[in-house]
Undergrad: 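This structure is in structure tokens; I'll ask about it shortly.
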Amino acid sequence: MEVIDIPLEGRADLDDLKAFFSACRDAAESDQHPKIASITLGIRHLDPLAVLDSIYEGDAHHFYMENRFREWAVAGAEAVVSQSWHGQSRFASAKAFAREWDEHIISIGDMSLPFSGPLFFSGFTFLDEVAAEEPFPPGMLFVPKWQVARSANQYVAVANALIEPGQDVSPLAERIWNAHEKFTSYSYERTPTAPVYHIVEEREVGPANSFLQNVERALSRIREGVYQKVVLARAMDLVFDNPCQPLRILNRLRQDYPNCNSFSLQRETGTSFIGATPERLVAVRDGRFTTEAIAGSASRHPDASEDARLAHALLTSEKDLREHAHVVESISRRLSAKGIDPVSIGNPGLMVLPNIQHLHTPIGGELPGHLHILDLVECLHPTPAVGGTPREAALPDIEAWEPFHRGLFAGITGWFDTRGNGEFAVGIRSALTRGHEARLYAGAGIVEGSVADQELQETTIKMQALLRCIRGQAG
């Protein structure tokens with residue numbers, strides 16, 4: 001990425017912007033390759049989700065991710081450039097695509113601001129191939145036309161534009177300048193409504209009792225020594241009496257689950273994948289990476305004493321500690337194979353959410369300079385928390401037994417910038433929405449000692465988070 005020193009705050013004007021776009025066009029003509037012109041502007045205040053909601057379109061790319069506890073959020077919409085891939089090379093192809101465009105980005109603005117410059121937004125499905133009817137490809141990546149982000153008390157707006165050789169840049173400069181004026185004093189035009197979706201039909205996907213039967217089959221395979229753990233999932237289809245606006249459901253999720261990464265990824269087809277996931281696959285900041293092991297679960301209780309008893313039982317549960325250890329060992333082994341020395345604490349702690357609590361171990365370390373965040377994504381996905389261990393033995397049974405295609409469920413969504421920073425989250429506690437319909441997903445880890453009825457109850461608890469938000473109930 002090339003950075004041009006043209007100030008935006010205080011004394012920049014439309015002529016400066018035209019001069020910048022003209023320089024980008026000249027560069028595009030010089031090497032006969034389009035350029036992405038990127039303009040970063042620090043602003044006084046903008047709420048990324050409110051901005052995305054106020055201009056929501058059902059037929060455009062969009063991306064949203066937020067962690068309220070860690071005080072950051074980012075949104076973007078429409079695509080300047082986009083691409084999709086399938087097969088085992090999807091992560092390598094996405095990395096090559098991003099690095100190729102990185103050579104053709106020209107930026108102005110304060111690059112020291114968080115989320116400055118163009119971001120790459122992406123989604124990768126659970127498996128590297130999907131059925132033809134699936135709404136999301138195995139891998140997708142896009143650079144948005146606009147981005148809005150918040151990090152603590154800093155707010156940033158970014159406009160990205162594709163500049164072709166020989167292009168008349170004056171109309172484009174005028175549009176971007178008008179957008180600049182709008183973002184410096186943004187008016188949230190939509191009436192703040194939060195519709196309640198009345199469910200007119202609710203049905204389990206697949207034959208009756210298939211989840212319970214799959215758990216018993218998995219326990220048999222575990223006793224045979226095929227694998228130590230496998231994660232099995234359920235899906236539920238809902239039909240509403242009014243069209244679903246996914247960002248309104250997402251707003252409730254982010255309020256009820258501030259410790260989670262809330263997310264929304266939408267294609268131009270109008271299908272959205274939304275959720276609030278407790279599991280961060282990996283984050284990279286200034287050359288350091290962070291990931292985490294989350295496995296082993298217990299319910300919550302409104303009575304403080306009973307809630308504490310459930311927490312203590314989880315922390316001392318032989319079955320849950322064994323399940324958790326499989327995840328920690330697998331993550332550490334995969335990172336070590338990449339030449340990374342991961343550091344984790346000795347004993348798992350608790351990740352406490354409003355309706356459930358999990359065993360949790362943070363893992364981190366230095367990222368070698370030759371590795372990209374997508375290298376870590378490829379290395380870690382799918383984790384034992386959503387697949388199983390050994391992964392190679394567990395995945396075929398998941399694909400053969402579950403009566404639905406996972407798609408982006410237990411896949412990953414995330415963002416990264418041109419400087420190597422980024423964050424990816426695992427797509428659990430999630431739903432696929434389009435029009436009047438939604439599909440909800442939840443899974444449970446099966447290990448020696450698992451009881452089918454208890455695993456079914458765990459998936460029901462996990463689905464309640466989305467169901468409450470859809471119905472407009474308090475968390």
Side-chain angles (χ1 to χ4, degrees), residues 47-50 52-53 56 62-75 121 123 126 136 149-150 194-197 231 233-236 238 244-266 271-283 291-292 294-295 297-300 350-358 360 383 385-386 406-415 423-433 438-444 458-475:
D47 182 276
L49 184 58
L52 185 59
D53 182 46
Y56 174 75
H62 83 227
F63 176 91
Y64 181 80
M65 186 170 281
E66 175 184 25
N67 189 292
R68 297 185 76 192
F69 180 76
R70 291 188 279 124
E71 296 189 294
W72 66 265
V74 61
F121 296 138
F126 178 69
F136 286 91
R150 176 181 79 90
V196 175
Y197 297 102
V231 180
R234 294 169 56 206
M236 180 184 298
L238 308 178
C244 180
Q245 214 287 35
L247 297 180
R248 306 298 169 89
I249 300 173
L250 186 68
N251 186 44
R252 286 203 183 92
L253 281 169
R254 68 194 275 262
Q255 293 178 36
D256 288 353
Y257 298 89
N259 288 352
C260 292
N261 275 16
S262 52
F263 60 87
S264 178
L265 179 64
Q266 178 176 283
T271 301
S272 293
F273 183 66
I274 63 170
T277 174
E279 186 167 351
R280 175 173 54 178
L281 181 73
V282 66
T291 184
E292 54 199 1
I294 299 175
S297 306
S299 60
R300 301 291 313 282
L350 288 178
M351 173 180 282
V352 181
L353 304 176
N355 67 329
I356 199 167
Q357 47 197 328
H358 304 283
H360 172 257
T383 70
V386 294
R406 287 193 175 188
L408 277 176
F409 169 68
I412 45 180
T413 60
W415 64 271
E423 181 149 343
F424 284 84
V426 182
I428 55 176
R429 320 295 160 82
S430 53
L432 198 67
T433 73
R439 173 168 286 188
L440 278 56
Y441 304 91
E458 179 180 324
T459 61
T460 299
I461 291 171
K462 291 173 178 177
M463 282 187 179
Q464 290 304 313
L466 275 161
L467 280 171
R468 278 199 303 269
C469 293
I470 288 169
R471 290 169 173 152
Q473 298 168 338

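Treat the numbers as computed from the prediction; the structure is a model and nothing was measured. All heavy atoms count here, side chains included; hydrogens, waters and symmetry mates do not.
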Undergrad: Looking at Arg429, Met236, Glu458, Arg468, which one forms a side chain to side chain contact (heavy atoms under 4.5 Å, CB included) with Met463?
TA: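 Of all the options given, the one that passes is Met236.
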Undergrad: Distance check, rounded to the nearest 0.5 Å: Arg280 atom CZ versus Arg70 atom CZ?
TA: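 Here the rounded value is 4.0 Å.
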Undergrad: Identify the two heavy atoms, one from Ala431 and one from Leu440, that lie closest to each other, and give their separation to 0.1 Å.
TA: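 Shortest heavy-atom separation between Ala431 and Leu440 comes out as CB-CD1, 4.0 Å.
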Undergrad: Shortest non-hydrogen contact from Asn261 to Trp72?
TA: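 Shortest heavy-atom separation between Asn261 and Trp72 comes out as ND2-CZ2, 4.1 Å.
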Undergrad: Any chance you could measure His358, atom NE2, to Met351, atom CE, to the nearest 0.5 Å?
TA: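 Atom-to-atom, His358:NE2 and Met351:CE are 7.5 Å apart.
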Undergrad: How close do Tyr64 and Leu250 get, heavy atom to heavy atom, and via which atoms?
TA: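 Closest heavy-atom pair between Tyr64 and Leu250: CD2-CD2, 3.5 Å.
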Undergrad: Do Tyr257 and Ser262 have side-chain heavy atoms sitting under 4.5 Å apart?
TA: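 Result no, sub-4.5 Å side-chain heavy-atom pair not found.
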Undergrad: With a 4.5 Å limit on heavy-atom distance, are the side chains of Glu279 and Thr383 in contact?
TA: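 The answer is yes, as the side chains (C-beta and beyond) meet within the 4.5 Å cut-off.
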Undergrad: Is Asp53 close to Asn251 at the side-chain level, that is, under 4.5 Å between some pair of heavy atoms?
TA: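 Sidechains of Asp53 and Asn251: no contact.
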Undergrad: Search all heavy atoms of Ala425 against all heavy atoms of Met65 and return the closest pair with its distance.
TA: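 What the structure gives for the nearest pair is CB-CE, 3.9 Å.
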Undergrad: Can you find a pair of side-chain heavy atoms, one from Pro48 and one from Val74, that are under 4.5 Å apart?
TA: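 No, their side chains stay 4.5 Å or more apart.
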Undergrad: Checking Glu71 now: which residues fulfil side chain to side chain donor-acceptor pair (under 3.5 Å) with it, not counting sequence neighbours?
TA: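 Glu71 satisfies side chain to side chain donor-acceptor pair (under 3.5 Å) with no other residue.
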Undergrad: As an exercise, state the distance from CG of Leu281 to CD of Glu423, rounded to the nearest 0.5 Å.
TA: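 Here the interatomic distance stands at 10.0 Å.
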Undergrad: Please assess Leu408 against Ser430 for the test side-chain contact (heavy atoms from CB on, under 4.5 Å), listing each intermediate value before the final yes or no.
TA: CA-CA 9 Å; Leu408 277 176; Ser430 53; over 6 Å; no
Undergrad: What distance do Ile294 atom CD1 and Ile428 atom CD1 have between them, rounded to the nearest 0.5 Å?
TA: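 Those atoms lie 7.0 Å apart.
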Undergrad: Where is the tightest heavy-atom contact between Leu265 and Phe136, given as atom of each residue plus distance?
TA: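 Taking every non-hydrogen atom into account, O-CZ, 3.5 Å.
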Undergrad: Under the side-chain contact (heavy atoms from CB on, under 4.5 Å) criterion, do Arg68 and Gln255 qualify, and how do the steps go?
TA: CA-CA 8 Å; Arg68 297 185 76 192; Gln255 293 178 36; 3.6 Å; yes
Undergrad: Can you find a pair of side-chain heavy atoms, one from Lys462 and one from Ile356, that are under 4.5 Å apart?
TA: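 Touching, per the 4.5 Å side-chain cut-off.
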Undergrad: Please state whether the rings of Phe409 and Tyr441 are parallel, tilted or perpendicular, taking 30° and 60° as the class boundaries.
TA: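 The arrangement is parallel - the two ring planes meet at less than 30°.
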Undergrad: Within the 4.5 Å heavy-atom criterion, are Leu467 and Leu238 side-chain neighbours or not?
TA: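 Yes - at least one pair of side-chain heavy atoms lies under 4.5 Å apart.
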Undergrad: Would a 4.5 Å heavy-atom cut-off, applied to side chains only, mark Cys260 and Thr277 as touching?
TA: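 No, their side chains stay 4.5 Å or more apart.
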Undergrad: State, to 0.1 Å, how close Ser264 and Ile274 come at their nearest heavy-atom pair, and which atoms those are.
TA: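 So the minimum-distance heavy-atom pair works out to OG-CG2, 3.6 Å.
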Undergrad: Are any of the side-chain nitrogens in Asp47 or Arg150 under 4.0 Å away from the carboxylate oxygens of its partner?
TA: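 No salt bridge links Asp47 with Arg150.
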Undergrad: Taking atom CG of Leu253 and atom CZ of Arg248, what is their separation to the nearest 0.5 Å?
TA: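 Reported value, rounded in 0.5 Å steps: 14.5 Å.
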Undergrad: Rounded at 0.5 Å granularity, tell me how far CD1 in Ile461 sits from CG in Leu353.
TA: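 Atom-to-atom, Ile461:CD1 and Leu353:CG are 12.0 Å apart.
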Undergrad: Side chains of Phe63 and Leu52, heavy atoms from C-beta outward: is any pair under 4.5 Å?
TA: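 A side-chain contact under 4.5 Å is absent here.
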